[in-house]
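Quantities reported herein were computed from a predicted structural model and do not represent experimental measurements. Chain letters run A, B, ... following the sequence lines, proteins first and then strands; every chain starts at 1.
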Protein chains: 2
Amino acid sequence: MSAVGIKEVAEHAGVSPGTVSNVLNRPEKVSAPTRSRVEAAIRELGFVRHGSASTLRAGHSKTVGLSVIDIGNPFFTDVTAGVEDVASDRGYAVLLSNSAGSRSKEERNLLVLAEQRVRGVLITPSDEDPARLDRLRERGISVVLVDHPAHRPDQCSVAVNDIGGGETAVAHLLSGGAAEIAYVTGPLTIRQCLDRRAGAERALGGRPLRVVEMAAMTPRAGQQAAEKLISEGGLPDAIFCANDLLALGMLRGLLHAGVRVPGDVALIGYDDIDFAAASAVSLSSVRQPTYQLGRVATELLLDECDNPATHAHQQIMFQPELIVRESTR
Amino acid sequence: MSAVGIKEVAEHAGVSPGTVSNVLNRPEKVSAPTRSRVEAAIRELGFVRHGSASTLRAGHSKTVGLSVIDIGNPFFTDVTAGVEDVASDRGYAVLLSNSAGSRSKEERNLLVLAEQRVRGVLITPSDEDPARLDRLRERGISVVLVDHPAHRPDQCSVAVNDIGGGETAVAHLLSGGAAEIAYVTGPLTIRQCLDRRAGAERALGGRPLRVVEMAAMTPRAGQQAAEKLISEGGLPDAIFCANDLLALGMLRGLLHAGVRVPGDVALIGYDDIDFAAASAVSLSSVRQPTYQLGRVATELLLDECDNPATHAHQQIMFQPELIVRESTR
DNA sequence: GAGTTCGAGAAAAACGTTTCAAATTTGAGT
DNA sequence: ACTCAAATTTGAAACGTTTTTCTCGAACTC
């Protein structure tokens, strides 16, 4: 198998293993001629550093974990792309975990990340419980919350103002003349869903909001919600969906049932995924700086890992942006 | 930090470290009373196994690498979900790399995977060059090709018949009465693009195929292709796009230019991503068993890793399925 | 009962790096 | 040339597991 280690390289270059390690980790500590001799040996022998040995001795790895709620959602895909780009630029690998909305799966995934001794974890937590994250932090694993504001000052987070976003969306629906409004959402245990509802209610200023809670936030669930809405109590004037996946499913369900959008019902989603603009009736939505979310979170995390001394924890909050298209015109 | 290792657990349980290791790895070798004593100690001390130490000594890890071409493409997201599910079920972690179509980035990612001593690699190669994969295999890292047929019998692969898919798509367009057909594709260095073109040409049986090659396979590129098609030589009767992302962009570009689909031009995509059905004009497409692709590939890989003795290499080829919707009616 | 087998657990030697103090070389200043 | 400090390199001891060999005693066989 892979018989060539740092030792063989050292021998081949006529130096000690320690020097090879220095070439690998602190090249500036090694004189130019020795360095190039070692580098040549590395190349000739096809040496590949054994990451585990390195991690074991050094006490920390060059990997970060990323735990998302739904890898199938383009929102998270975009975040992932941002994370990947920054991490890979700085020489880190990304260990991806998908919790698929299941708390126990998330727990299992975090255990795997802890076992791998990742340097840090980027997580969109599926619930509020901070205990699991504390356990990671106790082990010296930095944690940055993604798309979730931190409640504590000793914790970095990158989030988007969901209350504001919900308010903007519903205010927009109201300004279009809607009176009765429905909010179609995923599980109300999810903070994003809660906050967007809170924003919606704030925009309504006391007037009632009809809430339809679905178990998932997928196009399929959106379509089911359409049927539910139609069969139970009839259609409202306007519908606010907690994400675009739900909204696209809703749109499909409505059109399928012969409902005109926006003629009979106005519809707005959330996230402004790429496909929102291309749908049957182009979808109004609330845009989030998704890719940027991933980038900034990773920069924060790696800063915390690489410069623990100077690192200042930050809770960053982006503002979402209303995108108006056909579905609310 | 994480001061609690196997040693502390051993002491706390009144056994030797070796026994703790046995509880962890071969529980059946340990008598029931000792085992439960050790398990209790593990729980009480909050012990988490150090994956790197384990990998170092054991010589292999519990991670597999997944290298995809574009994590932003729902096709790969679905594959990833399949991989994740199987891997996580069998106790493996997934190291995700996105090559973003760049050969050099793919190379760098593979190096990282090699350094991490992943047990195996699932890869959708961005080009034909088998040398890089051979280098992995030399290091004892199993490789399974995803969405790419293997040319060699000592190599597992899971693919979908792209020639057949291309042929089916174009045959369908022809049966709809189209005479002149355009093929809008990504870089023709990509096998999938080539094969689908080959299939298209086979369906045409010698009649000419107008090929528009774009640098990327994104909605943006698709929209640009629409402009290009309109400005350069006018519209064909029907358009076959190498994937749905291109097709959705194309659709948008066409509608934007006032072209009616399918009235003026028929349009078919490839992959049948979720959003194809929800687009402005619902999109005909060629469906691939995407999630299944990921699952099967991972099962093959883990079988190769866990039972190297009995493992038989397989080259699996799925058949795609034509999905007819409005855009070709 | 003596001889044998068997199972459970202990002890110690790896695995391939990094790290740190110590040793050596180099170079500048006189 | 000679000294002293700085720069470079060395060598050996970790890091936390797994694995292999060994010991000890109990259970079995005749």
Side-chain angles (χ1 to χ4, degrees), chain A residues 1-39 41-42 45-63 91 112 114-119 139-140, chain B residues 1-39 41-42 45-63 91 112 114-119 139-140:
Chain A
M1 295 288 178
S2 96
V4 37
I6 216 175
K7 240 169 173 166
E8 285 79 4
V9 173
E11 192 172 352
H12 193 265
V15 297
S16 78
T19 301
V20 177
S21 174
N22 280 335
V23 170
L24 254 29
N25 301 300
R26 306 183 205 67
E28 75 283 358
K29 294 273 169 208
V30 179
S31 72
T34 330
R35 195 192 323 159
S36 59
R37 204 146 30 93
V38 170
E39 280 164 352
I42 289 180
L45 268 49
F47 165 78
V48 173
R49 172 220 249 104
H50 195 306
S52 295
S54 161
T55 296
L56 172 58
R57 176 60 238 236
H60 54 82
S61 67
K62 278 292 215 178
T63 47
V112 172
E115 284 192 354
Q116 295 299 318
R117 294 298 193 273
V118 293
R119 196 69 186 279
R139 290 219 165 65
Chain B
M1 295 286 183
S2 97
V4 36
I6 216 176
K7 241 169 173 165
E8 284 80 5
V9 173
E11 191 173 351
H12 193 265
V15 298
S16 78
T19 302
V20 177
S21 174
N22 279 335
V23 171
L24 255 29
N25 302 300
R26 305 183 204 69
E28 75 284 357
K29 294 273 169 205
V30 178
S31 74
T34 332
R35 194 192 324 159
S36 58
R37 207 146 27 93
V38 171
E39 280 163 352
I42 289 179
L45 269 49
F47 164 78
V48 173
R49 174 221 246 102
H50 194 306
S52 295
S54 161
T55 296
L56 172 58
R57 176 61 239 234
H60 54 82
S61 68
K62 278 292 215 177
T63 48
V112 172
E115 283 193 353
Q116 295 300 318
R117 294 301 195 271
V118 294
R119 196 68 187 279
R139 290 218 167 65

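The nearest pair of heavy atoms linking A:Phe47 to A:Val4 is CD1-O, 3.6 Å.
Not a single donor-acceptor pair under 3.5 Å links the side chain of A:Thr55 to the backbone N or O of B:Ser52. The backbone N or O of A:Val23 sits nowhere less than 3.5 Å from a side-chain atom of A:Arg26 that would complete a donor-acceptor pair. Here the side chain of A:Arg37 pairs a donor or acceptor atom with the backbone of A:Ala13 at under 3.5 angstrom.
In the helix from C:dG1-D:dC30 to C:dT30-D:dA1, the terminal helix axes, each the rotation mapping four pairs' C1' atoms onto the next four within five end pairs, subtend 30°, rounded to 10°.
The shortest distance between side-chain heavy atoms of B:Ser61 and B:Gln116 does not fall below 4.5 Å. A heavy-atom distance below 4.5 Å is found between the side chains of B:Ile6 and B:Ser21. Looking at A:Val30 and A:Val38, their side chains never come closer than 4.5 Å, going by heavy atoms from C-beta outward. Proximity of B:Asn25 to B:Arg49: side-chain heavy atoms (C-beta onward) are separated by under 4.5 Å at one or more points.
Across the protein-nucleic acid pair, A:Leu56 atom CG and C:dC15 atom C1' stand 9 Å apart, rounded to whole Å. The interatomic distance linking B:Ile6 (CD1) with C:dA10 (P) rounds to 12 Å, in whole Å. Protein atom NE2 of A:His50 is 7 Å distant from nucleotide atom P of C:dG16, rounded to whole Å. In this structure, A:Glu8 places its CD atom 11 Å from P of C:dC15, rounding to the nearest Å. Remark: C1' of D:dT17 and NZ of B:Lys7 are 10 Å apart, rounded to the nearest angstrom. Going from atom CD of A:Glu28 over to atom C1' of D:dA6 covers 16 Å, rounded to whole Å. Whole-Å rounding puts the B:Gln116 CD to C:dG16 C1' distance at 14 Å. Atoms NZ (B:Lys29) and C1' (D:dT18) sit 15 Å apart, rounded to a whole Å.
Contacts with DNA chain D (heavy atom under 4.0 Å) in residues 31-39 of chain B: none are found. Less than 4.0 Å separates DNA chain D from at least one heavy atom of each of the following residues of residues 11-26 of chain B: B:Gly18, B:Ser21, B:Asn25, B:Arg26.
In this model, no side-chain donor or acceptor of A:Arg57 finds a partner on the base of C:dT17 within 3.5 Å.
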*For side-chain hydrogen bond (donor to acceptor under 3.5 Å, both in side chains), just list the numbers for B:Thr34 and B:Ser31, CA-CA rounded to whole Å, side-chain angles, deciding distance to a tenth of an Å, and then say yes or no.*
CA-CA 6 Å; B:Thr34 332; B:Ser31 74; 2.5 Å; yes
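The NE2 atom of A:His50 lies 10.0 Å from the CG atom of A:Leu56; values are rounded to the nearest 0.5 Å. Atom-to-atom distance recorded for A:Lys62:NZ and A:Arg119:CZ is 7.0 Å, nearest 0.5 angstrom.
Projected onto DNA chain C by closest heavy-atom contact, B:Ala53 and A:Arg49 fall at different nucleotides, the more 5' of which corresponds to B:Ala53.
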